[in-house]
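Notes for the one structure printed next.
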Amino acid sequence: MPAGESFAEYLESLEKQYKDYKGVLNWAASLTGTTAEIIENLALEYCKASAAAFFCGWTTGGAQRTNNGLYYSWFLIALAAMTGNISRRGGGFGMIAPSDGYKIKIGSNPPLTDAKKYGSIKFSIFSLPEVILTGRDARTAEQLRDDVKLLNNIDLGNDPRLHIEMVIKGEGSGDFFTQKANINRKIEAFKKVKYVVCYEQQMSTTAKYSDIILPAAMNLEQTFFTYGQMNCELDVAHKVSEPLYDCKLDREITRLICKELGIELKNYTDEEIMKAQWEKAEFPKGYAEINPKRTMPDFDTIMQMGEYQLPTPLDKTYIDTMNYKPGEFPTDTGRINFYSPYMAMRQRAQHPVYGPRYIPSKEGYETIQKKEKSRKGVAYGLQFITPHVIHRAHSTFDTVPLLQDTYDNYVEISDADAKTRGIKTGNIVYVYNDYGCIKLPALVSSRPMPGVIVINEGRIYNPSSEETYTAYFDVTGKGEYKEIVTPVDLGACVSTLTVDMESGAGDPVTHQFTNKSGGFAASGNLCEISIKKPN
């Protein structure tokens, strides 16, 4: 690796920067709100434990959905590797991907057509507004041209740009507005395309800004195979009822559209698809040695069983990282990377750093400490987080009246921050930053740390017809930041306050063989709260 890029050199540079080992602990304590002693004791307890695991939830529990989240996730892997927990039973680094566990592998869906398939030009879905507005995503012009040449054998020329005239959103691809960032800029982008077509189950925000809405059936109205949360058991989800009214499954909507275009797609029932999948189902590699008498049930049996697991003794449970010898890991170096030459060569990361490092958030605690002003000229004093809630799944069920009446929606603020702003529980307040403004009740609480507010994710955007707010962002993608008059969001959708910035490394070439490349920053932006509506 290049000089200065090793992890050991990084740690040595921290000690040099902060004078010594104790100085590094004090620096970390100043950023985390805890003490140097607690940090040191936790580190010693972790590294001395016979087995220790970080349990952080699916893809690090959403912490990767910040603009520096790649490095947080990478540090978990690095710490597990340094302490030997990476391949130790009872160890590990959380569910960054639920790979541990034996499971039946089902076959692929039967083909819808025998016609020749053409590869699509790929870009990160999180960059959709950027591509619509500017023709480019987070990549440089040279990178975009090189990628399309490599993947599609098309030369976009010296000024490579992608032109989008229509956006089609399948029901399963989530709500572009509530589940992606920067609603106000996205609205500006959607004004540019000729048509937006969505398959939808509810009047989502994307549906509100679509030209054509095609009613899609729900999961309860179809039968299919699925894996459980831990990815270790195969389940059969049986249809509860037939699709209501004129709703149709996604694949049926697509088939009927194709028929109008003169393209014939094959029509399968749920059971025909599942039977084709089951005919090619197979046991995972190595499981026959654990349970040689285990046999694959026939299709009718598995449909009646509803669930299928592969019992495994605790001392023989599957640990993915145990399958690889040093030098044979599926990485560019064959080892667990503390520096990735491939990523450095690709130059696609949001921050030009290619190993686990502490990277300050572009809008975070240090920004507040330094009293730095935003592009709009405001020194925001709060940072928001966006936890999930029990009464909806992202934005699904947010429009159910019974749930709306049962569960309150509010912004939770610490006693100290509320006192300095004259806010009391029940006050209707405005939360705002450069990107937008939302309006909702306040809950004064001892739970949040001072400087942090809590806004639950998943609310559906509801623009006010009377109140406006002047946001400040780049509409053209040319670095020309302008004041844009936007509605105040009465739905309190936190995506109104986020910026469409990717996290990690959005790289279509890498995505071809990892199926994981890049993400979006959904939390952690700076903001301010007031009882009086801001300008």
Side-chain angles (χ1 to χ4, degrees), residues 56-59 61-63 65 171-172 174-181 183 200-208 216 218-221 229 240 244 382-415 417-418 421 423-433 435-467 487-498 520 522-525 527-531 533:
C56 48
W58 171 257
T59 60
R65 286 189 171 178
E171 186 281 318
D175 188 342
F176 283 145
F177 284 81
T178 59
Q179 293 307 308
K180 307 294 186 291
I183 283 181
E200 191 51 278
Q201 297 174 349
Q202 59 180 329
M203 187 53 71
S204 66
T205 309
T206 303
K208 291 177 182 178
M218 298 188 296
N219 284 348
L220 296 175
E221 297 165 337
Q229 177 67 28
V240 175
L244 297 175
L382 299 170
Q383 188 176 20
F384 65 79
I385 59 174
T386 58
H388 294 250
V389 289
I390 63 172
H391 53 279
R392 58 177 177 263
H394 293 308
S395 54
T396 302
F397 309 124
D398 186 47
T399 56
V400 177
L402 176 62
L403 295 176
Q404 290 177 334
D405 293 341
T406 305
Y407 297 94
D408 293 327
N409 184 56
Y410 46 75
V411 53
E412 196 170 356
I413 182 172
S414 72
D415 300 279
D417 290 327
R421 292 163 176 80
I423 295 172
K424 297 180 180 179
T425 294
N427 286 159
I428 302 300
V429 297
Y430 298 87
V431 184
Y432 60 95
N433 58 16
Y435 320 116
C437 178
I438 66 176
K439 185 178 180 180
L440 72 171
L443 172 66
V444 180
S445 165
S446 60
R447 295 201 314 161
M449 293 172 58
V452 177
I453 63 171
V454 182
I455 310 171
N456 295 326
E457 67 92 47
R459 289 302 305 270
I460 289 181
Y461 177 73
N462 180 23
S464 171
S465 59
E466 299 177 355
E467 294 184 290
V488 171
D489 173 25
L490 304 180
C493 176
V494 74
S495 295
T496 309
L497 304 174
T498 53
F520 70 102
S523 187
N525 289 101
C527 63
E528 199 39 84
I529 297 181
S530 66
I531 295 177
K533 188 179 83 69

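Everything numeric here is computed off the predicted structure, so don't read it as measured data.
Applying the side-chain contact (heavy atoms from CB on, under 4.5 Å) criterion to A207, with sequence neighbours excluded, gives C198, E200, M203, S204, I213.
Between K208 atom NZ and F177 atom CZ the span is 10.5 Å, to the nearest 0.5 Å. To the nearest 0.5 Å, atom OG1 of residue T206 and atom CG of residue D175 are 3.5 Å apart.
Contact annotation: the side chain of I529 approaches that of V429 to within less than 4.5 Å [non-hydrogen atoms, C-beta and beyond]. You'll find the side chain of Y435 stays beyond 4.5 Å of the side chain of T496, heavy atoms only. Between D408 and P441, every side-chain heavy-atom pair lies at or beyond the 4.5 Å cut-off. Looking at I438 and V488, their side chains never come closer than 4.5 Å, going by heavy atoms from C-beta outward. A heavy-atom distance below 4.5 Å is found between the side chains of Q202 and I460. With a 4.5 Å cut-off on side-chain heavy atoms, I183 and C493 count as touching. No side-chain heavy atom of Y461 sits less than 4.5 Å from a side-chain heavy atom of S395. Using a 4.5 Å cut-off on side-chain heavy atoms (C-beta onward), L382 and R421 make contact.
Just one residue in the list D417, L443, I531 forms a side chain to side chain contact (heavy atoms under 4.5 Å, CB included) with I423, and that residue is I531.
More than 12 heavy atoms of other residues, nucleotides or ligands sit less than 6.0 Å from atom NZ of K533.
Side-chain atoms of S495 come within 3.5 Å of backbone atoms of K180 as a donor-acceptor pair (strictly under, hydrogens ignored). Put simply, the side chain of T406 never gets that close to the backbone of L403: no donor and acceptor are under 3.5 Å apart. With N433 contributing its side chain and L497 its backbone, the two residues share a donor-acceptor pair below 3.5 Å.
A salt bridge between E412 and R447 is present, with a side-chain N of the basic residue lying under 4.0 Å from a carboxylate O of the acidic one.
Ring planes of H391 and Y407: parallel class, angle under 30° (limits at 30 and 60°).
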